[in-house]
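Atoms within a ligand are numbered from 1 in the order they appear, just like the ligands themselves.
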Amino acid sequence: MPRMKGAELITEYLIKNDIPYVFGICGHGNVGMLDPLYQARDRIALISPRHEQVAAHMADAYFRVRHKPVATLTSCGPGSCNIIMPLACALTDSSALLAITANVPTSQFNRSPFQEINRHFQADFVNIVRPVVKRSFQPTRVDMLPLALRQAMTEMLSGRPGPVNVDVPFNVFQEDDEVEMPPPAPVLNAHRSGASPDDIARALDMILVAQRPVIFIGHGVTLSEASRELTEFAKKLGIPVISSPNGMGCIDMTDALSLGFIGRNGAFPANEAGRRADVVLAIGARFDDRSASSWMPGYSWNFPHTRLIHVDVDPAELGRNYPPDLGILADARTFLRQMLTASGERKTKGEGTKEWLAAIAKWRAEWEKFTRPNFEAHTSPMRPERVVADCQAVLPADGIICCDVGVSHNWYMQFWNARKPQSMLNSWGFSGMGFGAAGALGAKLAAPDRPVVAVTGDGCFTMVPHVLCTAVEYNIPVVWVIWNNFGWVSIRDIQLGMFGGREHGTMFHQGANKKPYNPDFAAWAKASGVDAITVTKSQDFRGALEHAVKANKPYLLDVHVDAEVRPPSTGAWELPPTPYKEPVYGQRFIPDAAPVK
Ligand SMILES: Cc1ncc(C[n+]2csc(CCOP(=O)(O)OP(=O)(O)O)c2C)c(N)n1
Ligand SMILES: [Mg+2]
């Protein structure tokens, strides 16, 4: 057995698992890891952003685009505490990353050395991080590393993927021992579970007798790389598809069978179809409040009136919100393949879903008529729809859009047509501000040949403005579109709707007379070495974005967007105990959109 330092073993194991990057920030706790990374710099690159939050968002986005993980490296104490929020984003959206954190030397455990947290237990980072990772490991000797590393990598990618933590005391990086390099861990989707033949037969029975079937897809379909099978199955049986944000693009959203997103600011045809469906086949989707109109019956869905077939790899999701009529614990792609095979052996009913699809086409036409005119509107500041439309026109089908949090995200949910899987990134479960602006860097490293555009609010961007430095230092050519509306406008609108139109603490102001304030983002970018353009009117945006994408270098567009235009509401969102009133904000669309009882 070779004699190796702990840090050398970790480095070699990352390389053995084809991990090309470590995103991390130094500290005294992890300096022992930097030298082996230096020695191996031709095989694994260290990228060092200016905030640990950015490192973890980058790793998260990298995985979402490539379905291969990278590692983060943070020091003991505050450095590692800075990744709690992005780890929560990754966990709640089932994204894998290996978070290597440093800790104090084992010989100093419980003596309160510099940066130890030990109120309840020695070197207690694992309890800080515990709720936001799938698993945490704390090997305290070099000979514990091989097992911990193999188990950590395996845990991260098996079943429902997620972030995993390996917490390494200072001395474990430095000490050496005779250790065997463990075998590489299985890659994502190495083990796929299927449904039982009985369940496939029952699911098919339910779908074939349905008059108004709907498929609802989530991140599980993206993660299992089931886009082809999903599209084939939907087309074969003529079933429309509703997408939750991280399922977007699994069916080309310009396809007539794609209804878009559902929920408060979903697309009207999706909410209409969802609440009128007689059978819903949900695959790798979890019916969170925002895609289920806070579970109020009749707005987006109508369970138990509607029958539900729910397929997921995670048993915790089956029946979390709606007890399924048929719950199936299976991998999405395997299930769809089984359904395709089984449906080939069955006769589909004559008329299929023709009538249902005709009703949906009518809703789509109404929705288009209501929304489309604004997609071409010439205004200053810009109308939100126009920003979405021009992005759509400029980005190629395989371009990647990395969304941040806020009003801009609501508009992209409602109107973005993702053409391919893994091309529309959203912090959905946790909505961590900064995910879009920072994640874009990781997305670009995962797909260097595809354009990557981050759409980020002025508030979100101001939380992580140092992404500019990282893009310059490592020459990562992403484009930031700053959706500049001079405030935390998504929250302002909730505040205005709930509290008598009073605004407090939700807009950016300067001075006693409340002059709108923001930094000059373009000047800020230029000071960091990033080219930038300020766009104040709609006529200028498309050309500016085309130019920025073509430039193939880091670029920032400060786009002034009208804060007074709100996304139309086609579903609902309730925040108990405040009784739901329509609309809390935005305009409720369509006269006959009353809930279906
Ligand atoms: C880290 C973090 N802090 C606070 C929030 C709560 N929050 C959600 S949206 C939002 C405002 C976002 O502002 P901005 O980026 O300007 O987007 P806008 O809504 O104005 O389009 C806030 C504060 C959050 N989701 N994440
Ligand atoms: Mg804003």
Side-chain angles (χ1 to χ4, degrees), residues 51-57 60 81-93 132 245 264-265 288-290 381-388 391 401-416 425-440 453-467 480-498 503-510 514 516-521 524 534-536 556-567 569 573 575 584-586:
H51 193 297
E52 289 85 357
Q53 177 197 347
V54 171
H57 284 321
D60 176 351
C81 285
N82 268 346
I83 63 168
I84 300 300
M85 185 277 258
L87 285 175
C89 291
L91 183 77
T92 53
D93 282 342
V132 295
R264 174 187 65 175
N265 58 292
D288 69 294
D289 59 335
R290 292 195 293 166
M382 281 185 77
R383 269 196 79 103
E385 300 92 323
R386 181 72 192 269
V387 185
V388 181
C391 274
I401 195 119
C402 194
C403 291
D404 230 311
V405 173
V407 166
S408 61
H409 195 212
N410 292 342
W411 286 102
Y412 276 81
M413 287 298 90
Q414 201 156 34
F415 292 112
W416 186 254
L425 313 188
N426 310 277
S427 176
W428 188 244
F430 213 60
S431 260
M433 289 174 67
F435 169 82
V453 173
V455 180
T456 173
D458 47 333
C460 286
F461 186 79
T462 317
M463 287 197 174
V464 289
H466 38 75
V467 290
W480 292 278
V481 170
I482 299 199
W483 185 288
N484 187 355
N485 52 18
F486 291 83
W488 319 109
V489 169
S490 44
I491 310 303
R492 179 206 63 172
D493 285 344
I494 296 172
Q495 186 180 51
L496 296 184
M498 281 186 174
E503 184 277 319
H504 190 55
T506 53
M507 291 301 280
F508 304 144
H509 295 134
Q510 177 187 17
K514 294 201 152 189
Y517 167 78
N518 249 334
D520 178 341
F521 287 108
W524 198 350
T534 305
V535 178
T536 55
L556 180 145
L557 303 182
D558 175 12
V559 183
H560 292 211
V561 185
D562 196 334
E564 304 312 320
V565 182
R566 284 135 180 121
S569 158
W573 195 46
L575 290 168
V584 167
Y585 85 123

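Judged by distance alone, the side chain of N426 and the main-chain N or O of C403 form no donor-acceptor pair under 3.5 Å. With E503 contributing its side chain and R492 its backbone, the two residues share no donor-acceptor pair below 3.5 Å. Of the possible donor and acceptor atoms, one in the side chain of S427 sits under 3.5 Å from a partner among the backbone N and O of G432. Under a 3.5 Å cut-off, the side chain of D404 and the backbone N or O of G436 do form a donor-acceptor pair.
Taking a cut-off of 2.8 Å, the protein N, O or S atoms nearer than that to the Mg ion (ligand 2) are D458 OD1, N485 OD1, G487 O.
Close contacts of ligand 1 with S408, meaning ligand atoms under 4.0 Å from a residue heavy atom, involve 21 (O).
Counting heavy atoms closer than 4.0 Å to ligand 1, residue D458 contributes atoms from both its backbone and its side chain.
The ring pair (Phe, Tyr, Trp, His ring centres under 6.0 Å) check on H509 picks up nothing, with sequence neighbours excluded. D60 is linked by a salt bridge (charged side-chain N to carboxylate O under 4.0 Å, His left out) to R64, counting only residues two or more places apart in sequence or in another chain. With sequence neighbours excluded, the residues forming a ring pair (Phe, Tyr, Trp, His ring centres under 6.0 Å) with W416 are Y412, listed by chain and number.
The protein non-hydrogen atom at the shortest distance from atom 5 (C) of ligand 1 is M433 SD, 3.5 Å. What sits closest to atom 9 (S) of ligand 1 on the protein, heavy atoms only, is S490 OG, 3.3 Å. Distance from atom 21 (O) of ligand 1 to its nearest protein heavy atom, with residue and atom name: V407 N, 3.1 Å. At the top of the distance list for atom 25 (N) of ligand 1, counting protein heavy atoms only, stands S431 O, 2.8 Å. Scanning the protein heavy atoms around atom 17 (O) of ligand 1, the nearest turns out to be V405 O, 3.7 Å. For atom 15 (O) of ligand 1, the closest non-hydrogen atom on the protein side is C460 N, 2.7 Å.
By the 4.5 Å heavy-atom criterion applied to side chains, W573 and N265 are not counted as neighbours. Under the 4.5 Å side-chain criterion, counting only non-hydrogen atoms from C-beta, P516 is not in contact with M507.
Of the candidates G457, G459, G406, G487, G487 brings a heavy atom nearest to atom 20 (O) of ligand 1.
Checking only distances, N485 does come within under 3.5 Å of ligand 1, N or O to N or O. In terms of polar-atom proximity, defined here as any N/O pair under 3.5 Å, I491 makes no such contact with ligand 1.
Aromatic ring orientation, H51 versus H466: parallel (interplanar angle below 30°, classes split at 30° and 60°).
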query: Can you check side chain to side chain donor-acceptor pair (under 3.5 Å) on W428 and D288, steps first, answer last?
result: CA-CA 10 Å; W428 188 244; D288 69 294; 3.2 Å; yes
